There are 2 protein chains.
Amino acid sequence: MTAPRRSRSRAGSTAPRATIEDVARQAGVSVATVSRALRGLPNVAASTRSRVERAAEDLRYRPDPNASRLATGQAHAIGVAVPNIGGWYFSQVLAGVEAVLAPAGFDLLVYAAAEPDDRRRFLGDALPARQRVDGLVLVDLGLPADDVGPWVDSGVCVVTIGQRTDPFPSVTVDNRSAAATAVRHLLNLGHREVALIDAGDEKRFHFAVPGLRQAGFHDALAERGLSVRPEHVETGLFTVESGRAAMDALLATSVPPTAVFAASDEMAIGAMDSARQHGLTVPHDVSIVGFDDHDMAAAWGLTTIRQPVVDIGGRGAALLLAELAAGAPTGDHAVMPTQLMVRRSTRRLG
Amino acid sequence: MTAPRRSRSRAGSTAPRATIEDVARQAGVSVATVSRALRGLPNVAASTRSRVERAAEDLRYRPDPNASRLATGQAHAIGVAVPNIGGWYFSQVLAGVEAVLAPAGFDLLVYAAAEPDDRRRFLGDALPARQRVDGLVLVDLGLPADDVGPWVDSGVCVVTIGQRTDPFPSVTVDNRSAAATAVRHLLNLGHREVALIDAGDEKRFHFAVPGLRQAGFHDALAERGLSVRPEHVETGLFTVESGRAAMDALLATSVPPTAVFAASDEMAIGAMDSARQHGLTVPHDVSIVGFDDHDMAAAWGLTTIRQPVVDIGGRGAALLLAELAAGAPTGDHAVMPTQLMVRRSTRRLG
DNA sequence: ATGAAAGCGCTAACAT
DNA sequence: ATGTTAGCGCTTTCAT
């Protein structure tokens, strides 16, 4: 074939980019020397190196990443898979990941695994990722046990964020104890009719977080010998709207709760709005605590559990980079701190 | 050299993936035929094709994208550059872009151009993008005039979102008239002391949006022969916190405004919280209108301008795909609709 | 309808 | 310190 004529010529103006060979010719050296010189490898005379740099500069040479990838097997790119790009938590984590990857010279590929099908297609088979990325950050996406083996064998480095999936490094928060802390806060305020708005996507995503927060909720109640009315548990979808609907349901129960723990701030805020629509005042009539410390939580006066979202992403990326550099699994597991932020949405019962 | 031994072997378990040659051998045909068969090209006997498919399946063959890219010059990937990954607007646009790209089989590379340096490095030189992506979506990132030519020549397809930069296709909303609509709403309610919280990042990003919304604000006032007090214009950064600070300043002026137009919902919400902290009630003491229709705007009862954020991203991606397919600039410019959402944060003066 | 073979632009042995 | 050269795994022209 030869020259796959860089098609898609914009009105035929496509300038032919310089190759390593052009640089070699211009500098009067071999391509090997150019390669070494430009990549800062040893065994290049200083004078030669600067001559090569000069030539590369003149020709505006840019190495073709695809050729490098093909030759080295390193993509210098990492992939991040999230259930939902538009979600607040995920966007913050993504920002954190990007912030450490870009300076390290890695490209960031984003994959959304919103639907079970996407997830299946994406996670069920390690191979597609193989030459595309050097590593993968899985955010709140559990790898089904069956798929772990193939992934490990595939040679793609993975780290998980939000939940731990051995043997991969991970960065998590202690969702269970943080949730318990949130609920204890309510209990300490004298509340006994405490409701839960959780999120039930475990099935779809092998998503452990909702279950853990739910468990923390029950832990706190159990410590005091309390339990929750079945009708005081509603399931949302991590959205404002679903939180509103959940609260609507809670307020329609025979004994409405005096306090509510929502597994995310989005849902907590939906719940607050529902309360308002029902003519109730927060925290006078009902106390509400959320989880995340969303950008807008403070403006809402929402009591919540803060988690360092951006740092979580950054840490995940750093772990991945470390693993890549080590060339072997590091087995690191970072557990990031959480903090109860007491604001105006909770108050002593009565 | 040969075999760049797919290093980073996970405990040496790295399974050697199948190449096109393996498939050819297994199917008893040549690699050329395998290539044709698997890509659905014509001139392959049906029986041959199925034999090849069988073999590929058996060997779990996955073509190496890097090799294809090198051979064809098509990356089957597109890049999206945003000023700020964690911003609500950008995360929604990103989600929209991903939703159309993924089904089309394109990888999505995300670049953050938060700092002027990043922007400069990224936009100032089209070449790095060249073999990495087939096209680029620039979200609210204006290309300095000097850089347009090189980009056009580089053969990378670009579309801009949020602002138009000829000759690239674009998707925008009419920020100026939408802002005027928002302010007219305030004026129609009898307000005369109307303040503006804008965002002044034009310099950093060649970012046209703030200026347009600002212009719309002035348009509406001018229609009524009104003008704004200089101290009634504050500049934020599209964040809740900066909106709060801006409102603090507005409320400290000698004649505090009775109404405020904020150039984004985040800032509007910060302003609402500031008003509350100052003991004021919205809309009783001050009316506030925002821009975006953020996920949480409805819960806040915030009157605002809705723009179809996800669709904007989707449309941008679609335009890019069309341009790629056409192999030539399409010159399409989509102007998406906006809508005034009247809620509880605005009311008649008095 | 199929195959042989020449690249695509790099990197990395292996000389020298 | 530098050059030669054989790949990396595909695609595509040109024969057949």
Side-chain angles (χ1 to χ4, degrees), chain A residues 1-7 14 16-52 55-56 59-76 127-128 130-132 155, chain B residues 1-7 14 16-25 27-52 55-56 59-76 127-128 130-132:
Chain A
M1 49 110 277
T2 72
R5 252 353 24 230
R6 309 264 145 253
S7 44
T14 310
R17 86 250 100 94
T19 72
I20 198 174
E21 209 153 345
D22 299 325
V23 178
R25 197 173 313 117
Q26 169 109 356
V29 297
S30 73
V31 294
T33 299
V34 172
S35 179
R36 283 188 286 250
L38 261 23
R39 285 182 304 152
L41 263 39
N43 292 335
V44 180
S47 64
T48 307
R49 193 182 302 267
S50 55
R51 198 149 31 90
V52 170
L59 299 171
R60 316 207 62 212
Y61 168 68
R62 298 289 177 282
D64 182 331
N66 299 313
S68 308
R69 286 168 182 167
L70 186 56
T72 62
Q74 311 286 156
H76 273 280
L127 283 320
R130 186 59 173 287
Q131 302 92 343
R132 222 173 280 272
Chain B
M1 48 112 273
T2 74
R5 261 340 35 222
R6 308 263 145 252
S7 44
T14 310
R17 84 247 106 92
T19 72
I20 197 174
E21 208 152 347
D22 298 326
V23 178
R25 197 172 313 117
V29 297
S30 73
V31 295
T33 299
V34 172
S35 179
R36 284 188 285 251
L38 260 23
R39 285 181 306 152
L41 263 38
N43 290 334
V44 179
S47 64
T48 306
R49 192 182 302 267
S50 54
R51 198 146 32 87
V52 169
L59 298 171
R60 315 207 63 210
Y61 168 69
R62 299 289 177 283
D64 182 331
N66 298 314
S68 309
R69 286 168 184 169
L70 186 57
T72 62
Q74 312 286 157
H76 273 281
L127 283 320
R130 186 61 171 287
Q131 303 91 343
R132 222 174 279 274

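Chain letters run A, B, ... following the sequence lines, proteins first and then strands; every chain starts at 1. Being a predicted model, the structure only gives us computed values, none of them experimental.
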Starting at atom [atom1] of [X], determine the distance to atom [atom2] of [N], rounded to an integer number of angstrom.
{"X": "D64(A)", "N": "dC10(D)", "atom1": "CG", "atom2": "P", "result": "16 Å"}
{"X": "R132(B)", "N": "dG9(C)", "atom1": "CZ", "atom2": "P", "result": "16 Å"}
{"X": "I20(B)", "N": "dG9(D)", "atom1": "CD1", "atom2": "P", "result": "11 Å"}
{"X": "N66(A)", "N": "dC8(C)", "atom1": "CG", "atom2": "P", "result": "15 Å"}
{"X": "R69(A)", "N": "dC10(D)", "atom1": "CZ", "atom2": "P", "result": "16 Å"}
{"X": "E21(A)", "N": "dC8(C)", "atom1": "CD", "atom2": "C1'", "result": "11 Å"}
{"X": "D22(B)", "N": "dC10(D)", "atom1": "CG", "atom2": "P", "result": "9 Å"}
{"X": "L70(A)", "N": "dG7(D)", "atom1": "CG", "atom2": "P", "result": "14 Å"}

note = Taken in chain and number order and not counting sequence neighbours, the residues that satisfy side chain to side chain donor-acceptor pair (under 3.5 Å) with S35(B) are R39(B)
task = Please identify each residue that fulfils side chain to side chain donor-acceptor pair (under 3.5 Å) with S30(B), with sequence neighbours left out.
result =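 By the side chain to side chain donor-acceptor pair (under 3.5 Å) rule, S30(B) matches T33(B).
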Is the distance from OP1 or OP2 of [N] to the nearest side-chain N or O of [X] less than 4.0 Å?
{"X": "T48(B)", "N": "dT2(C)", "answer": "yes"}
{"X": "R39(B)", "N": "dT12(D)", "answer": "yes"}
{"X": "S30(B)", "N": "dG3(C)", "answer": "yes"}
{"X": "T72(B)", "N": "dT11(D)", "answer": "no"}

key: Nearest to side-chain heavy atoms of N43(A), which nucleotide of dG9(D), dT2(D), dC10(C)   =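 Of the candidates, dT2(D) comes closest.
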query = Which of the following nucleotides, dT2(D), dG9(C), dT2(C), is nearest to the side chain of A67(A)?
reply =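 Closest nucleotide among those given: dG9(C).
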Is any side-chain heavy atom of [X] less than 4.5 Å from a side-chain heavy atom of [Y]?
{"X": "Q131(B)", "Y": "P65(A)", "result": "yes"}
{"X": "R62(A)", "Y": "R130(B)", "result": "no"}
{"X": "R69(B)", "Y": "L70(A)", "result": "no"}

query = If you measure from CZ on R36(B) to CG on L41(B), what distance do you get to the nearest 0.5 Å?
reply =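 One finds 8.0 Å between CZ of R36(B) and CG of L41(B).
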query = Could you give the distance from CZ (R132(B)) to CG (D64(A)), rounded to the nearest 0.5 Å?
reply = 9.0 Å
key: Which residue lies more 5' along DNA chain C, comparing S47(B) with S35(A) via nearest heavy atoms   = S47(B)
message = For L41(A) and A32(B), find the nucleotide of DNA chain C closest to each by heavy atoms; which residue's nucleotide sits nearer the 5' end?
response =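 Comparing both residues, the 5'-ward one is A32(B).
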message = Please compare T33(A) and V31(B) by the position of their nearest nucleotide in DNA chain D and report the one closer to 5'.
response =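 Comparing both residues, the 5'-ward one is T33(A).
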key: Under 3.5 Å donor-acceptor pair, R36(B) side-chain atoms to dG3(C) base atoms   =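 Present.
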inquiry  = Could you work out how much the helix from dA1(C)-dT16(D) to dT16(C)-dA1(D) bends, comparing the axis of its first five pairs with that of its last five, to 10°?
reply    =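 Taking five pairs per end, the axes differ by 30°.
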ask   = So, N66(A) side chain and A67(B) main chain: donor-acceptor pair closer than 3.5 Å or not?
value = no
